[in-house]
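Every chain is numbered from 1 and lettered A, B, ... according to where its sequence line falls, protein lines coming before strand lines.
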Number of protein chains: 2
Amino acid sequence: MGNRRLTAREVAKLADVSVATVSRVSRGTGQVSPETRARVLRVIEEHGYRPSQMGRALAEQRHGSVAIVLPGLAGPYFSELIQGFESEVMDAGASVHIFGTHHRADADEHVLGIAARVDAVAVHGDTIGADTLRELAARAPVVVLAGRPLDGIPAVRADNSPIGELTRHLLVDHGYRRLTFVGDPEGSPDVTDRWEAFRDAHRDARLAPPRNPFRIGLQQSDGVLAAGELLGARRPPRAIVCANDETALGVLIGALGRGLSVPGDLAITGFDDVPMSSLVQPRLTTVRQPVRELGATTARLLISGLGGPGAVMDAVLATETVMRESCGCPL
Amino acid sequence: MGNRRLTAREVAKLADVSVATVSRVSRGTGQVSPETRARVLRVIEEHGYRPSQMGRALAEQRHGSVAIVLPGLAGPYFSELIQGFESEVMDAGASVHIFGTHHRADADEHVLGIAARVDAVAVHGDTIGADTLRELAARAPVVVLAGRPLDGIPAVRADNSPIGELTRHLLVDHGYRRLTFVGDPEGSPDVTDRWEAFRDAHRDARLAPPRNPFRIGLQQSDGVLAAGELLGARRPPRAIVCANDETALGVLIGALGRGLSVPGDLAITGFDDVPMSSLVQPRLTTVRQPVRELGATTARLLISGLGGPGAVMDAVLATETVMRESCGCPL
DNA sequence: TTGTAAGCGTTATCAT
DNA sequence: ATGATAACGCTTACAA
């Protein structure tokens with residue numbers, strides 16, 4: 001186990017040069033004669049010298065890492081988002097701090113603590129309060145991910161409006177009545193947008209939208225539970241517009257488990273287009289969102305440094321509806 | 001945005017004390033008179049002084065954070081594992097670096113890079129090669145999570161043997177023949193253990209185990225795909241033992257989607273007991289694993305410092321079979 | 001091209 | 001109880 005590592009000073013002594021030269025060689029900056037470089041490199045190789053991250057951070061006044069704050073990590077959406085973010089950050093030679101708040105009470109406090117260990121932070125949706133977000137922005141560069149810009153804090157998000165199209169499709173093209181929206185608008189800006197698009201589509205079709213959404217979490221199991229309650233009611237919905245694919249999949253599984261026919265008895269739609277959505281029977285009608293790109297774009301914004309005139313303040317990425325069979329369309 | 005922060009020296013000047021006293025007050029160590037403490041605290045409050053993480057790390061010679069390396073983050077298993085790990089680490093006042101290798105080619109290299117920014121590392125299963133693992137252990141304290149101890153590197157894992165019980169149950173109690181194991185033993189030590197327990201149970205029942213497992217990934221979508229191939233064959237299996245619940249759920253959904261009856265035509269079992277498993281129809285027979293505790297135990301081991309005489313070298317956590325209906329047992 | 005020396009922001013050891 | 005001051009390990013002017 002780690003026989004106390006070598007310092008630059010010791011390498012310098014061994015190679016008979018100054019620490020400055022060791023630094024120049026190890027970072028590849030400045031002018032060093034080939035012979036000297038070779039000599040230093042030999043010592044570095046031989047003794048396995050690796051510069052201390054701490055010393056370097058202090059001298060350079062930068063941590064060399066960024067953070068991404070998410071409500072949780074479960075499900076394909078977050079996994080994909082993180083991959084996009086991570087790979088972009090790594091290409092830039094930095095490292096990533098991932099923090100899932102999981103609705104813990106002291107989340108805000110921890111997020112502020114993280115700000116002390118990274119150079120910049122990406123915050124997903126409404127994971128932390130607006131005040132904490134502002135406080136955070138005072139301590140480090142911040143980008144909101146899947147949310148709206150706030151007081152000069154830029155945002156990267158996807159276009160949620162296709163939920164309106166989808167709702168219109170169910171209402172007008174298929175002629176369904178009694179639609180229910182499943183998802184909690186309070187939970188995230190994305191769901192808020194989708195719920196509003198759902199309601200607006202009703203108004204555009206001159207129909208009264210439901211007064212309330214059916215509020216649940218965003219995981220598959222939440223969808224199954226929702227199906228249980230919704231479909232056991234006296235007047236079950238004819239179609240369910242879900243806030244995301246995971247819940248839609250859960251609702252589908254729950255409906256099928258109760259012996260219902262989808263889309264015959266119940267039509268279902270989702271959002272995201274995760275892999276499972278095209279593998280279930282019937283396949284899920286949904287909206288495709290470039291999740292990976294969302295993470296990558298956020299990372300680029302964070303890394304390239306924010307602010308400055310002409311900087312991106314709000315990046316809205318395009319999405320597209322994917323019509324399959326769960327809405328009632330023919331195969 | 002961050003009006004260049006105050007340093008301890010500046011606080012010292014403002015409070016008319018020395019930096020040493022500022023340090024004593026801010027860390028709450030040493031003896032400081034009430035008046036002096038109050039004076040310093042006032043300045044700290046007023047100007048919003050927060051000690052620099054970099055300076056502190058260098059002086060204390062510790063990063064104050066640990067890392068956890070995983071193959072990926074998708075699915076409820078990893079989410080739960082991370083929560084257990086994270087919450088234990090945070091209670092200790094440290095922060096967490098999460099790194100998902102996602103099978104990227106340069107994963108090993110990145111893992112070694114991470115070792116330079118943390119005080120200790122937990123590595124899941126076979127995410128990195130044995131050589132890299134040893135090299136890593138030379139740079140920082142390491143614990144293997146869901147794998148076997150290696151050359152003095154301790155491990156924390158769950159007991160996979162109940163898969164043997166489950167297999168015996170299918171073979172003997174239900175009298176099924178033609179069982180298939182779904183999962184890739186090369187992928188992780190856990191799956192290796194489970195595949196071996198599956199084979200041993202066959203031998204114990206004096207039956208020939210299948211020569212090969214059906215190798216796939218550990219996600220739900222992989223399970224659906226597996227069901228498609230397996231059930232379309234000339235002689236489909238009578239029962240499928242899956243490496244985990246996610247794939248079992250996928251197989252179940254795939255089988256149901258093809259119009260098969262479960263467990264009538266096909267029995268299915270899993271491992272983990274994730275929330276979905278008790279919500280599907282039929283409910284999944286599986287093995288309950290204390291995933292959260294697995295993460296927490298790993299974190300505690302990492303934090304309390306490894307090595308030393310009498311240290312834990314291999315912690316195997318108890319698991320239990322959960323009999324439900326997907327194996328053919330009555331409701 | 002190379003070396004000297006001054007930071008970077010803490011903590012901790014001595015004196016006083 | 002408090003203050004100088006020396007680490008901690010590196011980068012980077014500035015000199016030579």
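Every residue meeting the side chain to side chain donor-acceptor pair (under 3.5 Å) condition with Arg134(B), not counting sequence neighbours, appears here in chain and number order: Asp131(B), Asp151(B). Considering only residues two or more places apart in sequence or on other chains, His63(B) meets the ring pair (Phe, Tyr, Trp, His ring centres under 6.0 Å) condition with none of them. With sequence neighbours excluded, the residues satisfying side chain to side chain contact (heavy atoms under 4.5 Å, CB included) with Arg27(A) are Ser23(A), Thr29(A), Arg56(A), Glu60(A). Remark: Ala59(A) engages no residue in a side chain to side chain contact (heavy atoms under 4.5 Å, CB included) (not counting sequence neighbours). Annotation: side chain to side chain contact (heavy atoms under 4.5 Å, CB included) contacts of Leu301(B) (sequence neighbours excluded): Val143(B), Pro154(B), Val156(B), Leu306(B), Val312(B). The side chain to side chain contact (heavy atoms under 4.5 Å, CB included) search around Asp184(B) returns Glu186(B), Arg215(B), not counting sequence neighbours.
Proximity note for Gln31(A) (side chain, C-beta onward) versus dT2(D), dT2(C), dT1(C): the nearest is dT1(C).
Not one side-chain nitrogen or oxygen of Thr29(B) sits closer than 4.0 Å to the OP1 or OP2 atom of dA12(C). The side chain of Ser23(B) places an N or O atom within less than 4.0 Å of a non-bridging phosphate oxygen (OP1 or OP2) of dT11(C). OP1 or OP2 of dG9(D) has not a single side-chain nitrogen or oxygen of Thr7(A) nearer than 4.0 Å. Residue Arg27(A) places at least one side-chain N or O under 4.0 Å from the OP1 or OP2 atom of dT12(D). In this model, the phosphate group of dT1(C) is not approached by any side-chain N or O of Thr36(A) to a distance below 4.0 Å at OP1 or OP2.
Checking Glu35(A) against Val19(A), the closest nucleotide of DNA chain C that is more toward the 5' end is the one next to Glu35(A).
Residues of residues 37-67 of chain B having a heavy atom closer than 4.0 Å to DNA chain D, listed by number: Leu58(B), Ala59(B), Gln61(B).
Between Leu317(B) and Arg157(B), every side-chain heavy-atom pair lies at or beyond the 4.5 Å cut-off. Taking 4.5 Å as the limit, every side-chain heavy atom of Arg148(A) sits out of range of all side-chain heavy atoms of Ile153(A).
We find that CG of Asp16(B) is positioned 19 Å from P of dA1(D), with the value rounded to whole Å. The CZ atom of Arg9(A) sits 9 Å away from the P atom of dC10(D) (whole-angstrom rounding).
Judged as a side chain to side chain donor-acceptor pair (under 3.5 Å), the pairs with a partner in residues 30-39 of chain B (not counting sequence neighbours) are, in order, Ser33(B)-Thr36(B). The ring pair (Phe, Tyr, Trp, His ring centres under 6.0 Å) analysis of residues 91-121 of chain A, with sequence neighbours excluded, yields the pairs His97(A)-His97(B).
Looking at heavy-atom distances under 4.0 Å, Val17(B) makes contact with sugar-phosphate atoms alone, never a base.
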All N/O donor-acceptor pairs, side-chain side in residues 66-82 of chain A, below 3.5 Å, sequence neighbours left out:
unit_1   : atom_1 : unit_2    : atom_2 : d
Tyr77(A) : OH     : His124(A) : NE2    : 3.0

Check: protein-nucleotides 13-16 of chain C nitrogen or oxygen pairs below 3.5 Å:
none

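At its two ends the helix from dT1(C)-dA16(D) to dT16(C)-dA1(D) runs along axes set 40° apart, each axis drawn from five pairs and the angle rounded to 10°.
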